[in-house]
Structures are given as C-alpha cells and as structure tokens.
Peer 1: 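Below are the structure tokens for one structure; questions will follow.
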Amino acid sequence: MNIQPVIIPRAEHPISRSLVSPNALRVLYRLKDNGYTAYLVGGCVRDLLLGREPKDFDIATDATPNQVKRIFRNCRLVGRRFRLAHIHFQDEILEVATFRALAPDSPEDELESPPSAEGEESRPRPPRHLVSDEGMVLRDNVFGTPAEDALRRDFTVNALAYSVADFSIIDYVGGVEDLRRGVIRTIGDPAVRFTEDPVRMIRAVRFAALLGFTMEDATWRALLELAPSITRAAAPRLYEEVLKLFLCGEGERVYQLMRQTGLFGHLFPRFSAWLDRETDGFPHSQIGKALEWVDGQVGSGEPVSPPLLLTLMFGEFLEERAEELASGGMPPQESMNAAVAEFLGELAPLVSVPNRVGVVVRDILAMQSRLRKIPGKRPQGVLARTCFADAMAYLRCRCAVTGEGEKVLAWWERYARESVMPPVEAGVGEETTGQPRKRRRRRRGKKPAAS
Ligand code: ATP
Ligand code: MG
C-alpha cells in the first residue's frame, strides 16, 4: 500500500513530551534505538490533541511481538486472537501492538509475512483473516504497514500516530482536520465498516457524546440504516461496551443518541417498549435523570459500579414489574428476584450481564424496601451487607431525582457514620473492619433469610 500521510511537524501541533507518560516515552525510545519504528497511536493522540488527559498510551511498532519481547525484560505476550506485548511497569502496563492490516484483498495477501521478517517469524502463516457470510470480520491478525494500521482503525480521529523519531504527527486519513472540525467519520465506507464490526456503531455514539462531536453525514446515515445489525455482535462484548458507554461521563448524552439512532431499542427491546408507554399518565423519564446523576459522580471521580449503573438505568422498570408480580400473589422478595431474573434472562442473548452482577442488582433493589423502614429490625445487619453502599447510592440518586426519601436517607447516613467504630474501642486482637460487629448467631445451620 502506497499512501502518503500528511506529516504535522512538532512546531505545528501542541503535543509536548511532558504530556506523555514517561514509561511510554521509554518504550518508544528503546524501540527506536533498536532500529524499529514506534508510534503512539489511537485514543491517546486524539486526546492529547484535544487537550484531554489520555486514559492509556498505546504503542504501535513494526517489531513483531517476539522481537518486542527480546528487547524488554518486563514484557509478556498476551492475546490469542492477536498477539500483543504488554510491558509491565510498577504502576502502569503499556500495550505494544505490531502494525496490523485489515481486510486483505486476496487470499495470497493473508499469507503475508511480518514487516521486519526474521527467523521463525518470516514463515508463511495460515490465513488469519476470516469474514462471515454477512461481511463481519471474525479474525484479524495480519501484520501490516503503518498505513494499513491506520486504515484498519475505526474513525479518522482515532487513527493518528505520534512519532518519537521527530515528534511529528502522522495522519493518513484526515484525522487532524476532523478533530479540528469536531467530526466523527469512519475510515472508508461507513456501511462496510459498520458491517465488519457492528460495535463500531456504539463506539461512534460514545465518541460523539464524550467529545461533543457531530457525526459526519454518511457515517450518520449508515448508522441509522445498520442500527438493527447491532444484535449480531457478541453478547458479552456488548455488555462491556454498554458499561463503557454509560460510564464515560456523558451517559445522558449517550442515552439520547442511542435512542435517536435506534441502537438502544435494539439492545433493550422490552425496556424500550416500556419507556415508550406511560405509567398512570406519566412518561418514564427517570433513566435520563439517573444517567445525569451518574455523569455527576463520574465527573467528580466517584466510581459507579456496574451493578449500580444497571440498577439506576432499569430500577424503575424492575420495581414496577416486581410490584406487578407481587400483586399477583408472589411474596415481595421473591417478586424482585423474579423480575430481575426475567429481565436479565431475556436480555442475555443480546447483552449478557454476568450472573455475579445480576445478583447485586437484585440485592440493591431488594434492600430498598428494608431501607425505607427506619430503624427497623437489626439495622446493623443491613449495614454489614456488601451491597449497602450501592443500595445507599441508589437511594441517594432516587432522592435527588424524585425528591422522595430524604428523611430515610438522612437517617441511614447518620446511622452509618455513627456506627463506624474507632479503632481504639476495638478489643485486643479483634479486627476493625470499620463496620459494626455482627451479633453471633446462636442457632447454627439455619439458612440466611432470602433477600
Ligand atoms: P478510550 O479513550 O475510550 O480508551 P480509544 O480510542 O483509546 O478510546 P480503545 O478501545 O482503547 O479506544 O481502542 C484503541 C484504538 O484501537 C482506537 O483508538 C482505534 O484506533 C482502535 N480500535 C478500537 N476498537 C476498534 C474497532 N472496533 N474497530 C477498529 N478500530 C478499533
Ligand atoms: Mg484506549
């Protein structure tokens, strides 16, 4: 492939080495000193150019994974689908990937040897690039040139590289211009790129919302057209993507875009149908407000756990469903269990929420009725539950959104504060967990109450 990139020299861009992780610089220099090409690539270059703090610093090189391993003692090779080198530092793991190519044009291309071929790595390899009947890429592990590596990426703004050889930015796809204009544009034909990997549609939404960018026309049209195909992506991957989407700090904006594009309805059909209906003449607007609350937490550096996020998003629906089941005669705790199990079970073929997360969602919701009783029986037992903090956060958000439950919330907050035992009061040899001691149970072998 012979595409000439636009090179933006150091004097014409704002990325200074002081903004780059010192470990990343070390790795880049070491690769360069060993005769390899090495770039910072992907999201970190985009973020540095926008004046945002990158989440991580990814490196791409023409050294093969084995060659990288030979240079760095603190290196481990990972990944079965494509081999990556992880360079371990005390407080950071850096990912070093060999330049890769996407769809090769002919089967011969699939036998391509690595760019800096040597020894065992120059042997022809079996095809590593598979495409499903519907055009979805199933495996892509073909070494490529820097140009190919840029072109296989999803969006122009994610395909920029920063070189330590001369501190320039290398742009094969017009990414710098799109960054300047605030545009999310797929590299190549958007319909083809979204078909190869439907998750790119969700990524387009995430970056548009997070960066406050607009979508380029053709990208937007293809997204609207292909939104139903999001269900072809693997359900466990979609779960991970959904978390990234709604925890990115702009979850409310993400939500609006997901609804507008139809992606939300395809991922959460039953919940969406419920959102479109009203309950007692009121529209269901809590999810938007809950996501604003989540954005506030993320913005102030307060982590929101995956089960808490899911409970905040779907809690109103689940509580209503549990009430429905209870009014049909099911015991209250059982009805919440059933409502959550039914919802997550139906969702599993689309977005598969791990069981351990589902259990906490149920516990957070089940605890709400207990929290409403103050002080109730054995409040210290409530405090000792592992989901107490998330259950309180759920209550806090509900209170902020609806104005209900202020008194209850204040009581539990005070109770939790006052129940923390200072270490001096603890007996010799006792652990101080920061939580009140549980009363020892007399009877053994009795099952704990279901919650
Ligand atoms: P974030 O700040 O959320 O980490 P990012 O751009 O770094 O954003 P990653 O998921 O970490 O996103 O991926 C790193 C890079 O890999 C992207 O910038 C993009 O160039 C490329 N990439 C990731 N996922 C895809 C995909 N599905 N298709 C094509 N390229 C992708
Ligand atoms: Mg990243």
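Order of appearance sets the numbers: ligands from 1, and atoms from 1 within every ligand. Atoms considered below: every heavy atom in the structure, side chains included; atoms not considered: hydrogens, waters and symmetry mates.
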Peer 1: For ligand 1, find out whether one of its N or O atoms is nearer than 3.5 Å to an N or O atom of Ala159.
Peer 2: no

Peer 1: Any nitrogen or oxygen of Lys55 lying under 3.5 Å from a nitrogen or oxygen in ligand 1? Just yes or no.
Peer 2: yes

Peer 1: At a 4.0 Å cut-off, with the gap strictly under it, does some heavy atom of Arg237 reach an atom of ligand 1?
Peer 2: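 Heavy atoms of Arg237 do come under 4.0 Å of ligand 1.
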
Peer 1: Taking atom types as modelled, find out whether Asn158 and Arg46 have a side-chain donor-acceptor pair closer than 3.5 angstrom.
Peer 2: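 A pair is found: one side chain offers a donor N or O, the other an acceptor, under 3.5 Å apart.
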
Peer 1: Quick one: does Asp197 get within less than 4.0 Å of ligand 1, heavy atoms only?
Peer 2: yes

Peer 1: From the options Arg203, Lys244, Glu241, Glu196, select the one whose nearest heavy atom is closest to atom 13 (O) of ligand 1.
Peer 2: Arg203

Peer 1: Please report whether the ring centroid of Phe207 lies less than 6.0 Å from that of Phe213.
Peer 2: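 When the ring centroids of Phe213 and Phe207 are compared, they turn out to be at least 6.0 Å apart.
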
Peer 1: For atom 11 (O) of ligand 1, grab the closest protein heavy atom and report residue, atom and distance to one decimal in Å.
Peer 2: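 Of every protein heavy atom, Asp58 OD2, 4.4 Å lies nearest to atom 11 (O) of ligand 1.
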
Peer 1: Would Ser168 and Asp166 count as having a side-chain donor-acceptor pair, cut-off 3.5 Å?
Peer 2: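 Yes, Asp166 and Ser168 have a side-chain donor paired with an acceptor closer than 3.5 Å.
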
Peer 1: When you measure from the heavy atoms of Arg193 to every atom of ligand 1, does any distance fall below 4.0 Å?
Peer 2: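 Flag not set, Arg193 not near ligand 1.
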
Peer 1: Closest non-hydrogen protein atom to atom 30 (N) of ligand 1, residue and atom name please, with distance?
Peer 2: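 Nearest protein contact, heavy atoms only, for atom 30 (N) of ligand 1 is Asp154 N, 3.2 Å.
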
Peer 1: Phe155: heavy atom below 4.0 Å from ligand 1, yes or no?
Peer 2: no

Peer 1: For Arg206, is the nearest heavy atom under 4.0 Å from an atom of ligand 1?
Peer 2: yes

Peer 1: So, Arg193 side chain and Ile187 main chain: donor-acceptor pair closer than 3.5 Å or not?
Peer 2: yes

